[in-house]
Amino acid sequence: MISNLITLQSATADAGGAGAVNIIMIVALVVIFYFFMIRPQQKRQKEIRKFREALGPGDKVMTAGGIHGKIKSVKDSAYVIEIANGVAITVDKGSVYPLGTTQADKPAPGTEN
């Protein structure tokens, strides 16, 4: 009976040290997750926001639906994009991307300057 009590006491003492290690591992995982997942995503969102703020009339863009065109005018929350002579569409600012983010728009390897 006494030997069982001593074994239980030593097991609970070891578990206390393991708890601290577990907490440190969880904190380390959260830090790693932040630097590899959250931070890069925030940087990309910031770059996209800067791009959209810098757009003005005459800039070539592509919509989320794949329509290519040139910005005709800028409204509060939308762009008026001319997609053909005399044909203009109004597109939300959140669905406009730089013309060059798709594989088809990128130059072929070896042709870059």
Side-chain angles (χ1 to χ4, degrees):
M1 177 86 170
I2 293 179
S3 64
N4 288 340
L5 183 61
I6 293 172
T7 306
L8 287 174
Q9 287 178 345
S10 66
T12 56
D14 291 339
V21 171
N22 287 339
I23 290 174
I24 291 171
M25 292 299 290
I26 290 172
V27 169
L29 286 173
V30 168
V31 169
I32 290 170
F33 184 76
Y34 173 77
F35 279 107
F36 284 107
M37 299 288 286
I38 297 171
R39 191 164 179 252
Q41 180 65 27
Q42 288 175 344
K43 285 178 124 180
R44 272 185 247 122
Q45 287 176 346
K46 188 176 181 180
E47 289 172 5
I48 290 171
R49 193 176 320 116
K50 278 184 182 180
F51 163 77
R52 289 183 179 146
E53 289 173 358
L55 286 176
D59 291 334
K60 293 182 179 181
V61 294
M62 179 180 69
T63 67
I67 300 172
H68 294 241
K70 194 182 293 188
I71 296 178
K72 189 174 180 180
S73 66
V74 179
K75 295 182 179 180
D76 289 335
S77 64
Y79 295 113
V80 176
I81 300 175
E82 185 174 25
I83 57 175
N85 290 335
V87 180
I89 58 173
T90 303
V91 180
D92 185 54
K93 285 186 176 182
S95 65
V96 174
Y97 301 98
L99 190 68
T101 57
T102 63
Q103 290 295 332
D105 294 330
K106 292 183 180 178
T111 61
E112 302 162 349
N113 291 337

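In what follows, every heavy atom counts, from backbone to side chain, and hydrogens, waters and symmetry copies are set aside. When a residue number appears, it is its place in the shown sequence, counting from 1.
The distance from atom NZ of Lys93 to atom CZ of Arg49, rounded to the nearest 0.5 Å, is 13.0 Å.
With sequence neighbours excluded, the residues that form a side-chain contact (heavy atoms from CB on, under 4.5 Å) with Lys60 are Lys70, Leu99. Partners of Glu47 by side-chain contact (heavy atoms from CB on, under 4.5 Å), not counting sequence neighbours: none found. Applying the side chain to side chain donor-acceptor pair (under 3.5 Å) rule to Gln45 yields no partners; only residues at least two apart in sequence or on another chain are considered. For Phe35, the side-chain contact (heavy atoms from CB on, under 4.5 Å) test picks out Val31, Arg39, with sequence neighbours left out.
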Show me the donor-acceptor pairs within less than 3.5 Å that the side chains of residues 73-92 make with the rest of the protein, sequence neighbours left out.
residue: Tyr79; atom: OH; partner: Arg52; partner atom: O; Å: 2.5
residue: Glu82; atom: OE2; partner: Gly86; partner atom: N; Å: 3.3
residue: Asp92; atom: OD2; partner: Gly94; partner atom: N; Å: 3.3

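Enclosure of atom NZ in Lys72 is not indicated, since only 12 or fewer non-hydrogen atoms of other residues, nucleotides or ligands lie within 6.0 angstrom.
Considering every non-hydrogen atom in both Phe51 and Val61, the closest pair reads CZ-CG1, 4.4 Å.
Here Leu29 is tied to no hydrophobic group at all, with no ILVMFWY side chain closer than 4.5 Å.
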